[in-house]
Amino acid sequence: MLLTGRIPRHIGIIMDGNGRWAELRGLPRIEGHRQGVERSKEIIEISAELGLKVLSLYAFSIENWQRPSSEVTTLMKLLELYLKKEIEVLSKKDIVFKTMGDTQRLPEHIQGIIREAVDKTTANRGMVLNLALSYSGRNEILRAVKKILRADMKPEELTEDVFSSYLDTAGLLTPDLIIRTSGEMRISNFLLWQAAYAEFYFTDTLWPDFTKDEFLLTIQDYQQRERRFGAISVRVDAP
Ligand code: FPP
C-alpha cells in the first residue's frame, strides 16, 4: 500500500486484546502476550521505516499491577527477553529507546536492563520508541505536580509548556493519532495531558492480529481527517 499523505509524527497505541486472543484459541493468556510482543516488533519496524518521530506503546499500566502475580511475573519476563534480544536491532535501526511511567516499581533487574537500553540508544537519531511501563496518565501528572512543588515555582511561571516539561514525555512531540485495538473505546489513563488534540482510531481487531496492513490503513484513515484544533481553518500539526 502506498501512503501519499502526511505521516503522523507521533502515534500512541493501546495494545489491547492479548488475553482474549489466547482465550479464543483455548490457549493460556501468556500465549496472547507472546504473540502481542511479536506484533509490537513488526509495528515498531514499520513505524521507523515510515519515518515516524515517536511511537508510544502502552505495554504495562499501573492498573496492570493488580493482575494475578503469575501473569505479572510472566509479563515482566517477556519484557526482559524483549529488551535483551531487541536492543541490538533497535540500535541498528537508529531507534532511541525511552520509557515513561513509574518505573521505580519495576523489578530492580528490569530497571537495570532499561537503563542499559536507554544508554545504548541515546545517541541515535531516528524514531523514539517510548514504552509505557508501570504507567498511568494521572500518576504521571501527579508526579509532575510534585516535582514542580519541590522546584518552588511561582504560579505565574507555570505555563502549559513548562508543565509539559515536567511530564515523562518532556521534549517529545504530542501524539497526532492514538490507536486502540480490541473494540474497547476508552483512553484507560493513557497520555491524558498529551492527547488533548489527538485523533483517535478504534478497531475491533485484537492486538495479536493487528497487522502492518491494518496499521497502514489506520494511517490512511488519519490522513482523511480534518484537524482544526478548535480554530476554523485547518492546521496540520498538533499545538
Ligand atoms: C493487553 O492485553 C495487553 C497488555 C496488558 C500489555 C501486554 C503488551 C504486550 C505483551 C506487548 C509488549 C510489547 C513490548 C514491545 C514489550 P490484555 O491482557 O488486557 O487482553 P484482554 O483485554 O483481552 O484480557
Side-chain angles (χ1 to χ4, degrees), residues 11-48 52 54-91 93 95-103 105-107 109-118 120-121 127-137 178-191 202-212 214-215:
I11 298 182
I13 309 184
I14 305 175
M15 309 177 288
D16 198 8
N18 294 346
R20 274 162 286 165
W21 183 92
E23 279 153 22
L24 278 170
R25 288 161 178 77
L27 298 167
R29 289 176 57 84
I30 193 61
E31 270 316 310
H33 293 314
R34 222 170 254 139
Q35 281 303 316
V37 173
E38 292 310 308
R39 254 340 157 205
S40 311
K41 286 192 211 164
E42 220 175 280
I43 297 300
I44 292 165
E45 186 179 358
I46 179 94
S47 298
L52 260 76
V54 187
L55 176 69
S56 293
L57 297 180
Y58 206 178
F60 193 85
S61 70
I62 287 202
E63 291 72 25
N64 287 155
W65 288 116
Q66 295 163 31
R67 293 194 175 196
S69 67
S70 57
E71 183 164 338
V72 171
T73 308
T74 337
L75 278 170
M76 289 299 140
K77 190 78 208 159
L78 274 181
L79 176 65
E80 178 182 346
L81 287 175
Y82 168 79
L83 287 174
K84 283 186 172 161
K85 260 180 66 186
E86 290 302 307
I87 202 60
E88 291 302 329
V89 180
L90 298 181
S91 271
K93 292 186 187 295
I95 291 173
V96 178
F97 178 78
K98 259 185 65 56
T99 61
M100 61 174 180
D102 192 1
T103 48
R105 281 184 73 175
L106 295 167
H109 72 286
I110 304 254
Q111 291 185 42
I113 300 169
I114 289 175
R115 274 193 297 273
E116 236 175 85
V118 169
K120 218 168 181 166
T121 61
M127 183 183 83
V128 174
L129 170 61
N130 179 33
L131 207 56
L133 292 171
S134 189
Y135 176 84
S136 92
I178 292 185
I179 301 169
R180 181 171 190 147
T181 57
S182 92
E184 312 291 354
M185 288 191 233
R186 49 177 176 262
I187 193 163
S188 296
N189 232 335
F190 187 51
L191 294 173
F202 298 103
T203 171
D204 287 339
T205 306
L206 303 174
W207 178 249
D209 289 329
F210 189 76
T211 58
K212 272 186 197 181
E214 186 167 0
F215 186 55

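Read the numbers this way: they start at 1 and go in the same order the structure lists the ligands and their atoms.
The shortest N or O to N or O distance between Trp207 and ligand 1 is not below 3.5 Å. Here's the thing with Gly19: one of its N/O atoms is less than 3.5 angstrom from an N/O atom of ligand 1. For ligand 1, the polar-atom distance check finds no N/O of Tyr58 at less than 3.5 Å from any of the ligand's N/O atoms. Between Asn18 and ligand 1, an N or O atom pair is found at a separation short of 3.5 Å. The shortest N or O to N or O distance between Trp21 and ligand 1 is not under 3.5 Å. Polar contact with ligand 1: present for Asp16 (N/O pair, distance under 3.5 Å).
The shortest heavy-atom distance from Glu86 to ligand 1 is not under 4.0 Å. Using 4.0 Å as the threshold, Arg34 has no heavy atom nearer than that to any atom of ligand 1.
Going from atom CG of Leu133 over to atom OH of Tyr58 covers 11.0 Å, rounded to the nearest 0.5 Å. For the atom pair CZ (Phe190) and OG (Ser61), the distance works out to 11.0 Å, reported to the nearest 0.5 Å.
Close approach of ligand 1 to Asn64 (heavy-atom distance below 4.0 Å) involves ligand atoms 5 (C). Within ligand 1, counting atoms from 1 as listed, the ones closer than 4.0 Å to a heavy atom of Val37 are 10 (C).
The main-chain N or O of Phe97 is found under 3.5 Å from a side-chain atom of Thr121 such that the two form a donor-acceptor pair. In this structure a side-chain-to-backbone donor-acceptor pair under 3.5 Å is missing from Arg29 to Ala22. Although no hydrogens or angles enter the test, the distance criterion places a donor-acceptor pair under 3.5 Å between the side chain of Trp207 and the main chain of Gly36.
With a heavy-atom cut-off of 4.0 Å, Met15 touches ligand 1 through backbone and side chain alike.
Minimum heavy-atom separation, Ser47 to Leu55: OG-CD2, 3.7 Å.
Across Glu71, Arg67, Arg20, heavy-atom proximity to atom 18 (O) of ligand 1 is greatest for Arg67. Of the options Gly32, Ser40, Ser182, the smallest heavy-atom separation from atom 14 (C) of ligand 1 is shown by Ser40. Of the listed residues (Gly36, Ala59, Ser188, Gly183), the one carrying the non-hydrogen atom nearest atom 6 (C) of ligand 1 is Ala59.
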Check your understanding: Arg20 and Glu184: salt bridge (charged side-chain N to carboxylate O under 4.0 Å, His left out), yes or no, with the steps?
Key -> CA-CA 12 Å; Arg20 274 162 286 165; Glu184 312 291 354; 3.3 Å; yes
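Of all protein heavy atoms, the one lying nearest to atom 10 (C) of ligand 1 is His33 O, 3.4 Å.
Between Phe60 and Trp65, the ring planes lie perpendicular to each other; the angle is over 60°, past the 30° to 60° tilted range.
Considering only heavy atoms from C-beta on, Leu57 comes within 4.5 Å of Ile44 through its side chain.
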Taking distance alone, no hydrogens or angles, what donor-acceptor pairs closer than 3.5 Å link side-chain atoms of residues 75-87 to residues at least two apart or in another chain?
unit_1, atom_1, unit_2, atom_2, d
Glu80, OE1, His109, NE2, 3.1
Glu80, OE2, Lys84, NZ, 2.8

